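Reading through the structure tokens given below for one structure.
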Amino acid sequence: MVYRVCSISGGGVRGIIPATIIKEMLKISKSQGKDGDIRDLCDYIVGTSIGGIIGASLIVSEDNKSPKFTPDQILKLLQDNAETIFPLNANYWLHSIVTGVVTILGAVAGAAVGAAFLPTVLFIGGAGAIGIVGAAGGLALGNKYSDALDGMFAPKYSREGIDGLLNKYFGDLKLTDVIIPFTTVSYSLEQSNPRVWSTIKANKTVPDDFYIKDALGATSATPTFFPHKVTKVTTIINMEKIYYDIDSGILANYPVSLAIAVLLKHAPYETRLRIEKEGITVLSIGTGYYKDTNSFVPPTSFEESKLGYVLDPLVFKAMYTGERESIIQTRYVNKMITIDPKLSKNLMQMDKSDSEHIKSLSKISSNFVVWNKEIIKKYVECMILDEDYIGLIVIENTQDFSYEFIY
């Protein structure tokens, strides 16, 4: 049978989307007499950032036989802990200061306008009234644009929330405590290279058997959102080694090409022989995308400046571009199924953790699997039975969602 790989992309709180899709796919597989865990769909799972956390949750095991978490528990973990990872009002005092300063400036400007243009007899009342209007305008501007400073001078969030959560759910489980192989990727600051955290490597050499929580902390350390992840390990000769990592999304938000390279180099001979004879099928599940339908407008000089790229922001451009490039490479080499809902722009923010936004993402995800149940069922059959559904190139059922089948 073909070797099956499942890849889950990053996207912050939008991880609710692939978690919901996988839950539905495993529900379908169970209805067809399977076990209802990720082994029904794949032999190897890869992911980065929140995709890495979901992937690890699906395969981590306390007995190397059954997964520790059910698909329902994984989805609930994401829904219930969004605010723990991305606290609301993370920079409350900075926002308050900026808003206060802009409000005062607006009031002063309003009073100055009143003093300059109103008759003397109306000076006091008129200047005061226009000053109040100016203050209101300043307050509105301050509230609107103070968010732009988030992550400008320091990471927007501390590591306390995400590290505490990873420790709570994964504890002292290591990369070898899994039911099928798993790989995630980060970017090594001290080596200026991708760093691969893989159960395949861990099964070959003890020093590569890291705690899963450290691997996930590294792959989810998104620049401007979180500080880099520091991992301290003791080597076999009793020396301390320190790793410094950030989210690999800047180079591999879709890390399947790198993960397959690790597989082909480090997997057991039987696995490599199977791949050589039967090939690889990749099931790629994204966290949603937004496509602007407006006509292209060339960037302005400011937008092409350093500050313009930062404010756009450059981090997300790099993550998206790297993901698309890796997907294109994978399609040329392997059979590939892609499931990636098209979203409205207001749903794309990866750290919006308020309850209403989480409810919206959950509803959108539930609607997606209901409206596209038949095609998702075909994809499940493709992974379980190794069946091909050639000809389903791109199908869009609604204005809001799309999914692809690439062969």
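Throughout, numbering of the chain's residues begins at 1 and tracks the sequence. Here the structure is a predicted model, which means the values were calculated and not measured.
- The backbone N or O of L173 sits nowhere less than 3.5 Å from a side-chain atom of D177 that would complete a donor-acceptor pair.
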Please evaluate residues D214 and K232 with respect to the criterion salt bridge (charged side-chain N to carboxylate O under 4.0 Å, His left out), reporting the C-alpha separation (whole Å), side-chain torsions for both, the decisive distance (0.1 Å), and the verdict. CA-CA 9 Å; D214 288 333; K232 297 180 180 180; over 6 Å; no
Step by step, would you call D43 with R4 a salt bridge (charged side-chain N to carboxylate O under 4.0 Å, His left out)? CA-CA 5 Å; D43 304 293; R4 305 164 302 163; 3.2 Å; yes
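- The environment of NZ in K34 is sparse: at most 12 heavy-atom neighbours from other residues, nucleotides or ligands sit within 6.0 Å.
- Of the listed residues (I260, I275, T281), just one forms a side-chain contact (heavy atoms from CB on, under 4.5 Å) with Y3, and that residue is I275.
- Not counting sequence neighbours, the partners of Y244 by the ring pair (Phe, Tyr, Trp, His ring centres under 6.0 Å) test are H228.
- Between Y243 and F210, the gap from one ring centroid to the other is short of 6.0 Å.
- In this structure, a donor-acceptor pair under 3.5 Å is absent between the side chains of S61 and N64.
- A donor and an acceptor atom, one from each side chain of N203 and T176, are nowhere located under 3.5 Å apart.
- Between Y187 and N193, the side chains place no donor N or O within less than 3.5 Å of an acceptor N or O (distance only, hydrogens not considered).
- In this structure, a donor-acceptor pair under 3.5 Å is present between the side chains of T48 and T219.
- In this structure, a donor-acceptor pair under 3.5 Å is absent between the side chains of D72 and T70.
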May I have the step-by-step check of side chain to side chain contact (heavy atoms under 4.5 Å, CB included) for S353 and I85, ending in yes or no? CA-CA 8 Å; S353 60; I85 300 173; over 6 Å; no
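- At most 12 heavy atoms of other shown residues, nucleotides or ligands fall within 6.0 angstrom of atom CD in E276.
- In this pair, F69 and F170 present their aromatic rings perpendicular. The plane angle is above 60°, beyond the 30 to 60° band.
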